[in-house]
Amino acid sequence: MRAGVFARPAVPLVTRLADTRRPNSKEELESRIDAQVAHRLPDIGRLVSLPHTMYTLLGLLMDETTLPKELEKVLEQDPALAAKVISLSNSAFYGLATPVSTIERAILIIGFKELEFMAMGLGLSETFDLSQVPRGFDGEGLWLHCLSVSWIARELAIITRASDPSEAMISGLLHELGIIILVSKFPQQFQQLLELTDAGVPFFEAEASLGLSHTVIGYLLARHWNLPEVFQEGILYHHSPRSCPGRKETAALVCLSDSLAHKAGYPMRMEELEIDLPWLMETLDIRPSTLQAFAKVIMASLPQAQPVWLQMMRSGARRESRDQKGRFSALMDGTQPMDFPRRRTGK
Ligand SMILES: [Fe+2]
Ligand SMILES: [Fe+2]
């Protein structure tokens, strides 16, 4: 992120969390955010680490020179994950005449991109178990929302060429990371948020008043995990892409995909989205007729994918609870710097 941009307030949620004095630098802004969230959610970084397999997968997906063989190798080193990917490949959604039994064959028949999506979705659902969530919250609905935004963002990146499709897919998958963390790791604090929204307080006001802005919390964890800045920004700016100091196009893709997912029936129910559609269309260089046609395709295809996504989430969650000390669940020290390859954007 460019430090200069942080000379002015970035997004309302961030400025509400911080004091009203303008931060002089990115570091100052971040230390204020840290202080606020650290107060509400102590030890967030220690409590939530990213499994090593997820780091490896992210690294592979961010590298445009990655070959299918390399994805195959990562999955083969994690037999349980590989078995799930194969099982999902054989679901009715893919309509295979002959069942696949190896990762190599799944990549060949279903395609590298689909396998990427599956592996990331499974990995995330294994990291965060949303089967036990505070009463009144729909954990599966949150997963379906994240997966649909991820899928839409990837397709939108392909037609607009505004961002690399894999980058858009991962940004979409991670955009509600803050909510996922709150729900799965801080249920008591999330319960307070639910009580306020149940009492009629708008979601964004409720989270700001509690110092629990989901964009900031997700951003802090993504930064702690040392994820590429484009993902950190996608999380922090998914409701305010205009303020994004870096890859505006990717933040805009996530924002528009978020809105399309809501319209298609896969919302993050607590949020009421307000988007600047003309700005989004201009930034993504997409015409109204193209967007309309795209939305129609999305509405028709998302329900078809839903059963396989539910299967993905449920198998991930079951494994997490069964295999707390398993190899995939072995937590890595999140402070260890990771070297993610830089990826070119489509434009
Ligand atoms: Fe959000
Ligand atoms: Fe969302």
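Note that these values count all heavy atoms, side chains included, but never hydrogens, waters or copies made by symmetry. Counting starts at 1 for both ligands and their atoms, following the listed order.
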Given the rule that I, L, V, M, F, W and Y join up when any side-chain heavy atoms are under 4.5 Å apart, are Leu273 and Ile235 in one cluster? no
Quick check: is Leu67 connected to Leu60 through a chain of hydrophobic side chains (ILVMFWY, heavy atoms under 4.5 Å apart)? no
What one should report as the nearest heavy-atom pair of Val149 and Val254 is CG1-O, 4.2 Å
Is His145 close enough to the Fe ion (ligand 2) to have an N, O or S atom under 2.8 Å? yes
Worked check of side chain to side chain donor-acceptor pair (under 3.5 Å) between His239 and His175: CA-CA 10 Å; His239 293 298; His175 81 289; over 6 Å; no
Give a yes or no on whether the backbone of Cys146 and the side-chain of Ser150 come within a donor-acceptor separation of less than 3.5 Å. no
Atoms of protein origin (N, O or S) under 2.8 Å from the Fe ion (ligand 1): Glu176 OE1, Glu176 OE2, His214 NE2, His238 NE2, His239 NE2, Glu271 OE2
Salt bridge (Lys or Arg N to Asp or Glu O under 4.0 Å) between Lys73 and Glu70: does it pass, once the steps are laid out? CA-CA 5 Å; Lys73 226 159 110 188; Glu70 291 169 83; over 6 Å; no
